[in-house]
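Please read the structure below before turning to the comments.
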Number of protein chains: 2
Amino acid sequence: MVRDNMKRSKTERQRLLKEKIEETPFITDEQLADFFSVSIQTIRLDRMELSIPELRERIKYVATNHWNETVKALPLEEVIGEVIDLELDKRAISILDIHSDLVFSRNKIARGHHLFAQANSLAVAVINDELALTAKADIKFTRQVKEGERVIAKANVEGNEKGLTIVKVNSFVGSEKVFAGTFHMYRSNEEKGEDNHEISN
Amino acid sequence: MVRDNMKRSKTERQRLLKEKIEETPFITDEQLADFFSVSIQTIRLDRMELSIPELRERIKYVATNHWNETVKALPLEEVIGEVIDLELDKRAISILDIHSDLVFSRNKIARGHHLFAQANSLAVAVINDELALTAKADIKFTRQVKEGERVIAKANVEGNEKGLTIVKVNSFVGSEKVFAGTFHMYRSNEEKGEDNHEISN
DNA sequence: TTACTATTAGTACCAAGTCATAACTATTAA
DNA sequence: TTAATAGTTATGACTTGGTACTAATAGTAA
């Protein structure tokens, strides 16, 4: 007989535990114990049996993976823009130099999707969440951008609407606006506390 | 007087310390102390002064933030899908295979701007004019697309509005719609000659 | 001398674990 | 009924990689 209302079987709990940790790997045993209404020790036994490493190892794992990737992806340079300022869930700025690969060969005008890609990737980057996807976007190309110009995209998080985070991105060449977009971003778990790391230079 | 052979000034050490940590953020104070031949305490004082956080925080930082910048150096180039059917100023169809370069490494979901790029370039291609540019677009990502899937984009020219040509593009994986967009295309001279080149295979 | 900087040492404490051992609870078989 | 068993909880000692604080020492400058 099942002893408790909440508590399913051990196997069931372990299944859910695995899921939970995959979803939110930055969770301590204590939080997990709370969540499943069992003791910390039980959680630890479960982790043993499932060979799920401890929190720090999990964080490290995530970190090293992406570290390797960024190292690999480092010679990306200006492809979708270089982030020069980022405060999560608030604002972000990136620069994209329009070099010859990004323009139509005939008229040297930048192909629209590069401006979109810059803005869209900035909208993704500004979201303080593990999963951020564009659900919807409303965009306008207000001026043609030519080879050699430098596009500065500025993203601002404008709040929420129906579970989606609204990010407005405006891109400029000098003082002229060349692109404006409103991105409706899907995110997995709403925001993440006060731990906003800020980079700025 | 410089007290030691190896040891440069404090400021010099701190400069190098900063570099070292940026290079290899997964380094403990102990290893750093070894490396600079000073005590652990000195390293800690240095970190304080430079406000460099402790190892775990650094790891966490990399883990939570850096993945966003997985802005990969994919040569977005011309590979925005293969046009398989085109009747100018009427309709067009293209295929895009979602290979590993087009997805977020984390979750294998296709990055939005690729779907946009496919649709947008198709909208450009379908216009029977020497100059075709996207002035405005209204787009919706209706389903996530995963690695390995094949996206078929279908563009239809819907007529004119305020001098802009309206092109609707719908993209599918199998029978499921994954993307919908209305593109307002600017064109230089609205020409509609009967000389429509048609390709089809 | 006195003051100050840079460095080193040592202590107490913390978070988030590890490992090992023991004990309690509920069900199940002899 | 008793004993065995699985599952869970408790307890304590130890580990890493730190923080925070205090104190001591060496060398240099006013």
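So you know, we letter chains A, B, ... as the sequences are listed, proteins then strands, and number each from 1. Keep in mind that what you see is a predicted model, and the values were worked out from it rather than measured. Values below: every heavy atom of this structure, side chains too, minus hydrogens, waters and symmetry copies.
- Comment: A:Arg143 engages A:Glu149 in a salt bridge, judged by a side-chain N to carboxylate O separation of less than 4.0 angstrom.
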(message) Walk me through whether A:Val151 and A:Val145 qualify under side chain to side chain contact (heavy atoms under 4.5 Å, CB included).
(response) CA-CA 8 Å; A:Val151 180; A:Val145 178; 3.8 Å; yes
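- Ring geometry for A:Phe141 versus A:Phe179: interplanar angle over 60°, hence perpendicular rather than tilted (30 to 60°).
- Rounding to whole angstrom units, CD of residue A:Glu30 and P of D:dT9 are separated by 15 Å.
- For the OP1/OP2 pair of D:dT8 and a distance below 4.0 Å, the side-chain nitrogens and oxygens of A:Thr42 include no atom meeting the criterion.
- In this structure, B:Ile40 reaches neither bases nor backbone, as no heavy-atom distance under 4.0 Å exists between it and the strands shown.
- Closest to the side chain of A:Leu45, out of C:dT8, D:dG18, D:dT9, is D:dT9.
- The side chain of A:Arg56 has C:dA16 as its nearest neighbour among C:dA16, C:dT8, C:dA6.
- Cation-pi check for A:Lys20 over A:Phe35 is met; the charged atom lies under 6.0 angstrom from the ring centroid and within 45 degrees of its normal.
- Taking atom CD1 of residue B:Ile43 and atom P of nucleotide D:dG17, one finds them 15 Å apart after rounding to whole Å.
- With salt bridges taken as basic N to acidic carboxylate O contacts below 4.0 Å, one links B:Glu19 and B:Arg15.
- A:Leu17 has its CG atom 12 Å from the P atom of D:dT8, to the nearest Å.
- Using a 4.0 Å cut-off between a side-chain N of Lys or Arg and a carboxylate O of Asp or Glu, B:Lys10 and B:Glu49 qualify as a salt bridge.
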Distances for protein N or O near nucleotides 18-22 of chain C N or O, under 3.5 Å:
unit_1 : atom_1 : unit_2  : atom_2 : d
C:dT18 : OP1    : A:Arg47 : NH1    : 3.3
C:dT18 : OP1    : A:Arg47 : NH2    : 3.4
C:dT18 : OP2    : A:Arg47 : NH2    : 3.1

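- Note: CG (B:Leu55) to C1' (D:dG17) measures 7 Å, nearest angstrom.
- Atoms CZ (A:Phe36) and P (D:dT9) sit 13 Å apart, rounded to a whole Å.
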